[in-house]
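To start, the structure itself, in structure tokens.
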Amino acid sequence: MGKSIASRFENIDIEKSVLLGVIINDDELVLEMDFCLDPAHADYEQPGEEDDCCFHPGMLKFAGISKLSLDRPEGGVEGKKRFDISEFSIEGSRFDMRSEWGDIHLQARSIRVLTE
């Protein structure tokens, strides 16, 4: 049996994490992330003086998407490469996130958390 969604985010502080990019393919959505790891995470390293968090690259992969809504801010966010996350929730197969990049709402058969 696989891990629950909540356990996949164990020792990752999503609201301190940042979104780097959004990739859409057919029925799959990939969010490129810089995860903020808590000290109990296996990949945790002491952050540098300029960082308030141990950032570690990773992805959120959603497959078998049955509903998808992307709401981008008018005018976009030109030149920005790191987008702060203000809200994040997963309930069953539903995912909702608000960020500087925009709002993402979806329903997917599979949600995977990958750290590189």
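All heavy atoms count here, side chains included; hydrogens, waters and symmetry mates do not. Note that the numbering runs from 1 along the sequence shown for the chain.
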Heavy-atom count check: over 12 atoms from other residues, nucleotides or ligands less than 6.0 Å from Asn25 CG? yes

Would a hydrophobic clustering, with Ile, Leu, Val, Met, Phe, Trp and Tyr connected at side-chain separations under 4.5 Å, put [X] with [Y]?
X     : Y      : answer
Val18 : Ile23  : no
Phe88 : Val113 : yes
Phe83 : Leu20  : no
Ile65 : Met97  : yes
Met33 : Leu37  : yes

State the [atom1]-[atom2] distance between [X] and [Y], to the nearest 0.5 angstrom.
X      : Y     : atom1 : atom2 : result
Glu32  : Lys81 : CD    : NZ    : 12.5 Å
Arg112 : Met59 : CZ    : CE    : 8.5 Å
Gln46  : Asp51 : CD    : CG    : 10.5 Å
Ile14  : Leu60 : CD1   : CG    : 6.0 Å
Asn11  : Cys54 : CG    : SG    : 11.5 Å
Ile104 : Leu19 : CD1   : CG    : 6.0 Å

Which heavy atom of Ala108 sits nearest to which heavy atom of Ala63, and what is that distance? CB-O, 3.5 Å

Would you say the side chain of [Y] lies within less than 4.5 Å of the side chain of [X], judging by non-hydrogen atoms?
X      : Y      : value
Phe62  : Asp27  : no
Asp38  : Ile12  : no
Leu106 : Leu70  : no
Leu29  : Val22  : yes
Leu114 : Lys61  : yes
His105 : Asp103 : yes
Phe95  : Leu31  : yes

Looking at Arg72, Lys80, Arg82, which hits salt bridge (Lys or Arg N to Asp or Glu O under 4.0 Å) with Glu100? Lys80

Checking side-chain polar atoms at under 3.5 Å, does Ser93 have a donor or acceptor matched by the opposite partner on Gln107? yes

Please lay out, stage by stage, how Glu45 and Asp43 fare under the test side-chain contact (heavy atoms from CB on, under 4.5 Å). CA-CA 7 Å; Glu45 295 177 0; Asp43 294 322; over 6 Å; no

Can you tell me if Ser17 uses its side chain to pair, donor with acceptor, with the backbone of Cys36 under 3.5 Å? yes

Show your working on side-chain contact (heavy atoms from CB on, under 4.5 Å) between Phe35 and Asp13 and close with a plain yes or no. CA-CA 7 Å; Phe35 289 119; Asp13 188 336; over 6 Å; no

For Arg98, is there an ion pair with Asp96 - N to carboxylate O distance below 4.0 angstrom? no

